[in-house]
Amino acid sequence: MLKSIGVGSLDELIDRTIPASIRSKKPLNIPGPLSENQYLTSLRQIANGNKVFRSYIGQGYYGTIVPSVILRNVFENPGWYTQYTPYQAEISQGRLESLLNFQTMIADLTGLPLANASLLDEGTAAAEAMTMFFNGKNKDHDHITTPRFFVDSNIFDQTKDLLLTRAQPIGIEVVVGDYHKAVIDGSYFGAIVQYPASDGSIHDYRTFIQHVHKAGAYVAMATDLLALTLLTPPGELGADVAIGSSQRFGVPMGFGGPHAAFFTAKEDFKRSIPGRIIGVSIDAQGNRALRMALQTREQHIKREKATSNICTAQALLANMSAMYAVYHGPEGLTRIAKRVSLLTRTLATELEAMGYPNLNDYYFDTIRLKVKDLISLRQTAEAHGINFHYHVDGTVSITLDETTSQEDVVDILSVFGHLTGISLVSATFDVDNTLANIPSSVTRVSEFLTHPVFNTYHSETKMMRYLRSLENKDLSLNTSMISLGSCTMKLNAATELIPVSWPEFGTLHPFAPADQWKGYRQILTELEDWLSEITGFAATSLQPNSGANGEYAGLLTIRGYHNAHNGSHRDVMLIPISAHGTNPASAIMAGMKVVVVKSDDEGHIDVRDLKEKAEQYKDSLAGLMVTYPSTHGVFEESIKDICRTIHDNGGLVYMDGANMNAQVGLTSPGLIGADVCHLNLHKTFAIPHGGGGPGMGPICVTARLKPYLPSHVYGTDTRRRSAGNGQAATGAAGHAVSAAPFGSASILLISYAYIKMLGAEGLTNATRYAILNANYMKARLEKHYKILYTGANGTCAHEFIVDLRPFKASAGVEAEDVAKRLMDYGFHAPTLSFPVPGTIMIEPTESEDKAELDRFCDAMIAIHEEILAIEDGKADKTDNALKNAPHTQHMIIAEEWKHAYTRNQAAFPLPYVRENKFWPSVARVNNTYGDRNLICTCEPVSSYAEEVIAN
């Protein structure tokens, strides 16, 4: 490999690639590596530090039973968790169908027609709803100094916290109060209520919604999917948007995540709904095909005009929740909900007989009690291994869930019996179907989940085969390398992932008292320290639960620092034109003004333009957002000078950590001169992409920015957490960026394991090998393709760009044709047309061996020969293997073959393909048709029959 590159050693390659001015002079201060067996043994000891109490805390997080068939075949299956976001629809039909099931499930249960394919968490979804309402009504509120948003006081504290965070930078006044007493006038653009409320009570919001609509504003309802099997859906009550979490549909609590939030809306919002939407279209053969609809990459198109910075989802967890509904069906879900509610009613009845009346007139799964001695109650409950939720008003709430048994109810009664001196308690369980605890005015009468997919797969045999049929339609890392530039699709090692399923980590409630998660505390504290060391910074926040959310958190930290030291006038953010599209979108969300910096002919930041603009805006400069190595895969020599320029003009430097896989152990953001950096743990630090999520985006900062890191209403200090369950933490509330204090805490275990088992030397070698692999592929491919940008010594970093634009004029071949043709060779396309239109960006990562790199290079070289055949007139310019790619099995075995090339060339272009053929399940998808005929839920069965007849 080194010989092909033209260097004598790996050290020489690194010296040529990374400027000496930013090279680390000492090794990482991280413990030596553990073997896989040593790691799992040590982790077992740490896991014992977590106390798994029975949780009746609720507040958006609930015990759930993950069906074993889903646990085994989805959650623990690399065919599901190593997929990439389905930008290449032809090899993503399996998870696209599952996500369409998710959207259908959400639309049916909420009674609103348009659902997205999930968001990060419930609090984020609420903030997105507020922002969408604000953008929709903003033009009508130009005369209002401060547009207002009403928040009912009876919503989850963490949701309220995120709404305050999102509102402040963009000038929204959040008004918190009792919806009964709210006076909504023309200064309001929207409102949000909880259904059932945070204290468990059920309210009929029809009159309030009408009141808000009359004032010209919108209403969002935060709601509970299991409750909606029994309650009138928000859409039928008149709500414009419904949001919430699908966690209790078969996804473990995991100390806060990851979980798939849902967001559903009226048709009026189809052009502004945040996140991904899966839609139905057709392929080139006229067959039904699924794809991501509408704003597939909104941030890359609209940039600073984007209405949201959401660029991913919680796809893996949405798939789990959808499959939970598929497996149980509407009758099974209703049975689970009724059982939970009947157990809750029994508990309420027995407690009232003991002198503890339920303060909620109507309820689903939560009762609220007034107790004279909360301290004694808490001590007694915890002595029984039980957690309740203790409200700041002196009441206690108890939330039951799917995992609650009759024995659990008796144990709860025993706790209260201990307080009142009753030594023997008993309970009579009602088995009828009357639910007197749910008011008739909001009792559900409409059907839901009527599509056959929710009424067919109720045996494990059928479910297992259905899951396998979908998995077979998707290309994942267990099929071949996925060489996506800037996405770092590396190995997600089994040993890193196994502990995520352990109950010591999976069943903890994120608001559990601090003494119950000592094992988590050790892991989180060590991970914070290691990430700080790797980035060269002083402190780390693990709260942001996606890369884009990390960007947002980092910018809020910069904003907080400036507001405290320099005043709020520092609000200009310089952003290179080549930056990831989420950068400008995040800046706008953080209340910044975006000023674009030019690139020079080599793709580098135009230093002269940057200096001129830094000087021009020196009195209002907040900072610079920069990706390093650059978005086009080069270590720019001028980076330290760039950072110095920003600092000299009063700004701070935010570094996008998307390309951190080329830095670890060799250089660092802190050494380069940045002030804050987010890390995509689902890239550099081995968390799986999960078909489009989960992700984690922690931020690391210098010492002066540490006081401005995200806080949380339930506390985020891993060393000393003052907040107990139900008690608000001290600190700057309103700066939370995730619903849970540590974001998607359970998957932080994966990055912890990655660092723990590699150690300092292994982490550094991973970076070295990533750079080696990229330069080896570049050396092979540059004989056939133009490589767009390189560093000063002719090398690339961990990724490189192949320029396909010349082939459009010479052969009529575009970058998309090459991307689709790669599927016939058994590969997922590299990053397409970013950062330069008409190109592909290749990143092999350190995980792939030479044989796999060569297989991909052989495919690219063979495709180049196919292009040359078109240029030379040996292949037809319109009817060729590239233009018709990908080729499905149905196309190849069709009775008639009318193409100017052979079936063998179409399906088996190289010998290795024949040995292990991956078949795309549909031909090239027609995106335009899908957007013109927007269908985002499972179609009626009749439409399938009509389609077959038509074709």
Side-chain angles (χ1 to χ4, degrees), residues 53-59 62-63 154 195-204 224 226-227 229-231 248 334-443 509 725-726:
F53 280 24
R54 285 170 288 178
S55 175
Y56 305 110
I57 298 172
Q59 299 301 296
Y62 310 92
N154 211 351
Y195 177 68
S198 65
D199 64 3
S201 57
I202 295 174
H203 303 274
D204 185 343
D224 181 299
L226 193 63
T229 64
L230 305 178
L231 299 179
R248 72 188 308 172
T334 302
R335 187 164 55 249
I336 292 169
K338 284 183 175 180
R339 179 180 174 279
V340 169
S341 204
L342 286 169
L343 286 175
T344 308
R345 194 179 76 187
T346 298
L347 178 63
T349 301
E350 299 294 349
L351 283 173
E352 184 168 10
M354 295 171 65
Y356 298 99
N358 181 15
L359 299 178
N360 293 332
D361 294 329
Y362 296 105
Y363 53 92
F364 164 62
D365 62 359
T366 301
I367 59 174
R368 184 166 61 99
L369 313 169
K370 186 72 176 177
V371 179
K372 293 180 180 179
D373 190 349
L374 277 179
I375 295 176
S376 295
L377 173 63
R378 182 167 184 166
Q379 290 173 341
T380 304
E382 292 182 4
H384 283 72
I386 286 173
N387 287 330
F388 299 137
H389 184 68
Y390 305 94
H391 295 268
V392 293
D393 64 358
T395 60
V396 59
S397 63
I398 304 172
T399 299
L400 306 190
D401 56 46
E402 180 189 11
T403 67
T404 306
S405 67
Q406 292 182 348
E407 290 77 12
D408 291 328
V409 172
V410 173
D411 286 346
I412 294 171
L413 294 173
S414 296
V415 171
F416 285 87
H418 181 84
L419 291 181
T420 53
I422 301 175
S423 58
L424 185 64
V425 298
S426 62
T428 302
F429 293 92
D430 192 351
V431 294
D432 64 31
N433 287 321
T434 59
L435 290 170
N437 49 299
I438 295 178
S440 59
S441 63
V442 290
T443 297
H509 193 288
N725 136 40

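FYI, side chains are in, hydrogens and waters are out, and symmetry mates aren't considered; it's all heavy atoms of this structure.
Partners of Thr344 under the side chain to side chain contact (heavy atoms under 4.5 Å, CB included) rule, at least two apart in sequence or in another chain, are Val340, Tyr363, Asp365, Ile367, Leu400. For Tyr362, the ring-ring contact (aromatic ring centres under 6.0 Å, His included) test picks out no residue, with sequence neighbours left out. Judged as a side-chain hydrogen bond (donor to acceptor under 3.5 Å, both in side chains), and not counting sequence neighbours, the contacts of Thr366 are Thr399. With sequence neighbours excluded, the residues forming a side chain to side chain contact (heavy atoms under 4.5 Å, CB included) with Ser55 are Ile57, Met253, His509, listed by chain and number. Under the rule for a salt bridge (charged side-chain N to carboxylate O under 4.0 Å, His left out), Asp373 has no partner lying at least two apart in sequence or in another chain. For Asp401, the salt bridge (charged side-chain N to carboxylate O under 4.0 Å, His left out) criterion is met by no residue, not counting sequence neighbours. In this view, Asn360 satisfies the side-chain hydrogen bond (donor to acceptor under 3.5 Å, both in side chains) rule with no residue, not counting sequence neighbours. Judged as a side chain to side chain contact (heavy atoms under 4.5 Å, CB included), and not counting sequence neighbours, the contacts of Asp393 are Arg368, His391, Thr395.
Taken from CG in Asp224 to OH in Tyr62, the straight-line distance is 5.0 Å, to the nearest 0.5 Å. Taking OG1 from Thr380 and CD1 from Ile375, the interatomic distance works out to 11.5 Å, rounded to the nearest 0.5 Å. Atom NE2 of residue His389 and atom CD1 of residue Ile398 lie 12.0 Å apart, to the nearest 0.5 angstrom. The line from OG1 of Thr349 to CE of Met354 is 13.0 Å long, rounded to the nearest 0.5 Å. Atoms CD1 and CG, from Ile438 and Leu231 in turn, are 5.0 Å apart once rounded to the nearest 0.5 Å. Separating the CG atom in Leu343 from the CD atom in Glu402 is a distance of 11.5 Å, to the nearest 0.5 Å.
Residues Arg248 and Phe364 share a closest heavy-atom pair of NH1-CE2, 4.1 Å. Nearest heavy-atom pair across Tyr356 and Lys370 is CD2-O, 4.2 Å. The heavy-atom pair separating Tyr390 from Ala381 by the smallest distance is OH-CB, 4.0 Å.
With hydrogens and angles disregarded, no donor-acceptor distance shorter than 3.5 Å links the side chain of Ser341 to the backbone of Lys338. Judged by distance alone, with hydrogens and angles left aside, the side-chain atoms of Asn154 form a donor-acceptor pair with the main-chain N or O of Asp199 at under 3.5 Å.
For the pair Pro439 and Asp361, the minimum side-chain heavy-atom distance is 4.5 Å or more.
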Sequence neighbours excluded and cut-off under 3.5 Å, please list the side-chain donor-acceptor pairs for residues 414-428, or say none.
{"residue": "Ser414", "atom": "OG", "partner": "Val410", "partner atom": "O", "Å": "3.0"}
{"residue": "Thr420", "atom": "OG1", "partner": "Phe416", "partner atom": "O", "Å": "3.0"}
{"residue": "Thr420", "atom": "OG1", "partner": "Gly417", "partner atom": "O", "Å": "3.3"}

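Listed by first and then second residue, the salt bridge (charged side-chain N to carboxylate O under 4.0 Å, His left out) pairs that reach into residues 410-427 are Arg54-Asp411, sequence neighbours excluded. Pairs engaging residues 417-428 under the salt bridge (charged side-chain N to carboxylate O under 4.0 Å, His left out) rule: none recorded [sequence neighbours left out]. Within the structure, salt bridge (charged side-chain N to carboxylate O under 4.0 Å, His left out) pairs that include any residue of residues 339-359 comprise Arg345-Asp430, Arg345-Asp432 (at least two apart or interchain).
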